[in-house]
Amino acid sequence: MKPPVAAALLRHLRLATPLALLLTAACATTGTPPSGPKVTDLEIQGTDQVSEGAIKDRILTTATPFWGFWPFGGPSYFDANAWQADLRRIERYYQAQGYYQAQVVNADVKPDGEGEVAIDVTVQEGEPTRISEIQVTGLDTLPEEVREEHREYVLDDLPLREGDVFKEEAWEETKVRVQERLRELAYAEAEVDGEVRVDVDTRQAVVELRTRPGIRYRFGNTFVATDANPQVPPRRIIEQVTGALKKGDWYSETALANAQARVFRMGVFGAVKVNRGAPDRESGTVPVVVDVREAPFRSVRLGGGVGVDAARQEVRAVGEWTHRNFGGGLRRFTVRGRLGYAFIPNVLDFNKNGPVFDVTAEYEQPRFLFRDLRAQNSLSVEKGLEQAYDFWGGRLQTGVIWQPHPDFSIFPSYNLQVYRLSGRVSADSRVPPIVLGCSGDQDQCNTALSFLELAFTWDRRDDVIEPRDGYYLSLSLQKGGGPLFGDFNYVRLLPDLRFYRSFGEDKRLILAAKVRAGTLNPAGGGQSSIVTRFFSGGGTFMRGFNGQRLSPLAALQRTADVDGDGVPEVVQTEEWDTVPVGGNSLFETSVEMRYQFTESLMVAAFYDTGLVGIEDFAHSNRPKLFGPQHYHAVGMGLRYLTVVGPIRLDIARRLNIGRGLPVSTPGYIYPESGGCFGIGSRWRPTGPTTPSGAFAGAPDGQCALHLSIGEAF
């Protein structure tokens, strides 16, 4: 499980690198363009059974796209030799898809202006070749006691079926999949090949799949190959390997992969490879060979970034120092910090500004009591500025992480957090202490949270930065106060579920979905602290709002001597400033379709919903899903893909479904219309208070723009 501070540090470090890469690219010189004319258009006619786009992806000649400018590419030029090869590639691609009679019947290269050409291609696809028979040989040599079971597993749901159009890619995948399944069943030397007999005239294909399983093996001894004079004892490496496989277990390549992940997770190796050795046929065993190379035990990382939002702007520098063998025994000691300067809401017109920082020291003890358990302790000091308050804080966390599988972890911990809160919004505006969760009426108050937390994480994503397939599930359960003392007695629950599925041969189309919910239940219906409440809005949450703006609000009242009697009265002759103060319930969903149409560019369309309610979900006055405070937004996004994650630009518009955000300040008057980015908004200076709000999500505008690094989820 990645602590929140570590996740934030990684996000900051990712911000600096793409900006540096873009600046470097700006200084690069462009090469001399080819001598041929520019290709303005490329059309392929007659593609009824095979995708035109798939053909274009496999030839060299391309049309100049409308986005063909730096840094996304450039003009495409015509090369006669490459074009002749492309015509052969088109026919060869059709053959690979089972269309052996396909032909290019016309290919016109026509002038389309000075120094420009347009290309028009016509293909005649013909009829596809279908599989008439699949013959499988060699599986009769499997042991009789498991023959039927293993045969069914090996041949289940293969890419090739009788009656299907024969495709070469499916044929190659079938051979690979059968071999992988045999080796997963402990046939470590299994080999698979075959041949396909195609009758072009009858358009029939006979597939012969030949298997040679060999004998069934068990794991033997484990051997470690490492650097000279290693600091990590081989026994510690072997100990991790035995968490995934043991001597005498049936051979499995999945077990080898899990063993490799466990060794790499030790965090002290720059390279890890776990392979099988040469099988011993007499004993029926396969040795395990672990090849590792130790990385430097000390490392320093530095970076910086800029955070830009309609509600907050910040510049920051970040750093991290890590010792991975602190005091021996692979104990890890890390110090990470962030130093920045924040402006709220922006650098040109701010209510408040000032330095912000946090420093965290973390100590981790591996193999605490037993192999898969490690102890983790951390201490943090921080100073921050939020829209509704400022704070100084300190956090202490101590717990153990049980990680029996590389994708699954359980982290029980005890946490003590102490804050000094100030409701300062501007030089002459304050949020009342009671709104912050403090007693009394002082400008500043102290708050202590003492709680136990149990966190679960199950991460099966194929890529943490740019996931395309898999799922992610996490759950955080906190219990504060009571016998643990502290100023608040509460239970806080926060589950998070994400799902990813890619489509197509090249996985360019991706469906991503997320559901996140939370409830904060103060004991006896009492007050909650603002530092434990839920907020939403921003680039990684409900994108119809700016950062933390999806939240119950407090308005900053304005006073004036209306009657001329020297007594100030509360008036609203213009918009009152509002600040988010958080709620005790949270519900968010997001569905996003992503499509990668070049190597560097991806577009997305999304539908987000979000709710942050005043009361928790166990309260009788709990917020209603799809009720007046459950907001909806649709939007579009553009991603520029980099090695450290996509640079992401999202624009979202809230649907006018529901009412205004709950504002706790009496006398507040909602705006009549929202508009986008300050265009189209109108304020009503007089008239009755409108508790429901004149449009969904009032007083915030109905559009939001987000620029960030990394996918939204």
Side-chain angles (χ1 to χ4, degrees), residues 134-161 169-194 207-223 237-238 240-265 272-291 372 403-408 458-463 468-471 501-502 505 507:
I134 299 179
Q135 303 171 353
V136 181
T137 62
L139 294 182
D140 54 345
T141 62
L142 298 177
E144 185 175 356
E145 63 273 14
V146 294
R147 183 177 302 162
E148 290 304 318
E149 177 187 352
H150 287 186
R151 180 184 178 89
E152 181 179 356
Y153 170 74
V154 168
L155 300 180
D156 181 53
D157 195 25
L158 293 176
L160 285 184
R161 299 183 181 89
E169 184 177 1
W171 167 234
E172 296 300 326
E173 185 180 351
T174 295
K175 291 186 289 185
V176 170
R177 191 174 299 185
V178 169
Q179 180 172 285
E180 288 177 346
R181 290 177 178 179
L182 285 170
R183 293 187 176 183
E184 193 65 21
L185 292 171
Y187 302 98
E189 295 182 296
E191 295 182 357
V192 177
D193 56 23
V207 176
E208 182 181 356
L209 184 67
R210 295 190 291 262
T211 66
R212 293 182 293 279
I215 67 174
R216 203 172 182 207
Y217 288 93
R218 295 181 183 272
F219 283 117
N221 294 320
T222 299
F223 301 92
I237 300 172
I238 295 174
Q240 290 299 320
V241 171
T242 58
L245 58 90
K246 296 181 178 63
K247 184 178 181 179
D249 290 347
W250 287 114
Y251 174 86
S252 164
E253 296 197 342
T254 297
L256 290 176
N258 289 338
Q260 180 171 299
R262 293 181 67 95
V263 174
F264 191 78
R265 200 182 67 205
V272 176
K273 190 64 178 178
V274 178
N275 286 317
R276 66 176 177 89
D280 185 339
R281 296 180 180 178
E282 292 186 2
S283 64
T285 60
V286 176
V288 179
V289 179
V290 184
D291 190 359
D372 296 328
Q403 195 166 5
H405 188 276
D407 301 327
F408 179 69
W458 181 241
D459 191 349
R460 295 288 292 174
R461 294 173 292 180
D462 60 341
D463 189 293
R468 293 175 182 261
D469 287 289
Y471 59 88
R501 176 69 182 275
S502 62
E505 297 178 359
K507 297 187 176 183

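Quick note: residue numbers are just sequence positions, from 1.
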To the nearest 0.5 Å, what is the distance between [atom1] ([X]) and [atom2] ([Y])?
X    : Y    : atom1 : atom2 : answer
E253 : L245 : CD    : CG    : 12.5 Å
R461 : D407 : CZ    : CG    : 10.5 Å
R177 : L182 : CZ    : CG    : 13.5 Å

Do E189 and Y217 pair up side chain to side chain, a donor and an acceptor below 3.5 Å, judged on atom types alone?
yes

Residues D280 and T285: side-chain donor-acceptor under 3.5 angstrom:
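Note: D280 and T285 side chains miss the donor-acceptor criterion.
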
If every non-hydrogen atom of [X] is compared with every non-hydrogen atom of [Y], which pair is closest and at what distance?
X    : Y    : answer
Q240 : R262 : O-NE, 3.0 Å
D372 : P404 : OD2-CA, 4.0 Å
T211 : T137 : OG1-O, 2.7 Å
G138 : P213 : O-CD, 3.6 Å

Side-chain contact test, heavy atoms from C-beta onward, threshold under 4.5 Å: evaluate it for [X] versus [Y] and give yes or no.
X    : Y    : result
D249 : R218 : no
V136 : I134 : yes
P287 : T222 : no
V288 : F223 : no
N275 : L256 : no

Between K175 and E172, does at least one N-O distance fall below 4.0 Å, as a salt bridge requires?
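Counted as a salt bridge, because a side-chain N and a carboxylate O are separated by less than 4.0 Å.
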
Taking only Lys NZ, Arg NE, NH1 and NH2, and the carboxylate oxygens of Asp or Glu, determine whether D469 and K507 approach each other closer than 4.0 Å.
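Looking at D469 and K507, the cut-off is met.
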
Closer than 3.5 angstrom, by distance alone: can the side chain of [X] be matched with the main-chain N or O of [Y] as a donor-acceptor pair?
X    : Y    : result
R210 : D193 : no
R181 : Y153 : yes
N258 : Q260 : no
R183 : A190 : yes
Q403 : P406 : yes
R216 : L185 : yes

A quick test of your reading: do over 12 heavy atoms of other residues, nucleotides or ligands sit less than 6.0 Å from [atom1] of [X]?
X    : atom1 : result
K246 : NZ    : yes
F264 : CZ    : no
R281 : CZ    : no
E208 : CD    : yes
E152 : CD    : no

Kindly assign one of parallel, tilted or perpendicular to the pair H150 and Y187, based on the angle between their ring planes and the thresholds 30° and 60°.
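It falls in the perpendicular class, over 60°.
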
In terms of relative ring orientation, are F408 and W458 parallel, tilted or perpendicular, with 30° and 60° separating the classes?
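It falls in the perpendicular class, over 60°.
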
May I have the step-by-step check of salt bridge (Lys or Arg N to Asp or Glu O under 4.0 Å) for R468 and D462, ending in yes or no?
CA-CA 7 Å; R468 293 175 182 261; D462 60 341; 6.0 Å; no

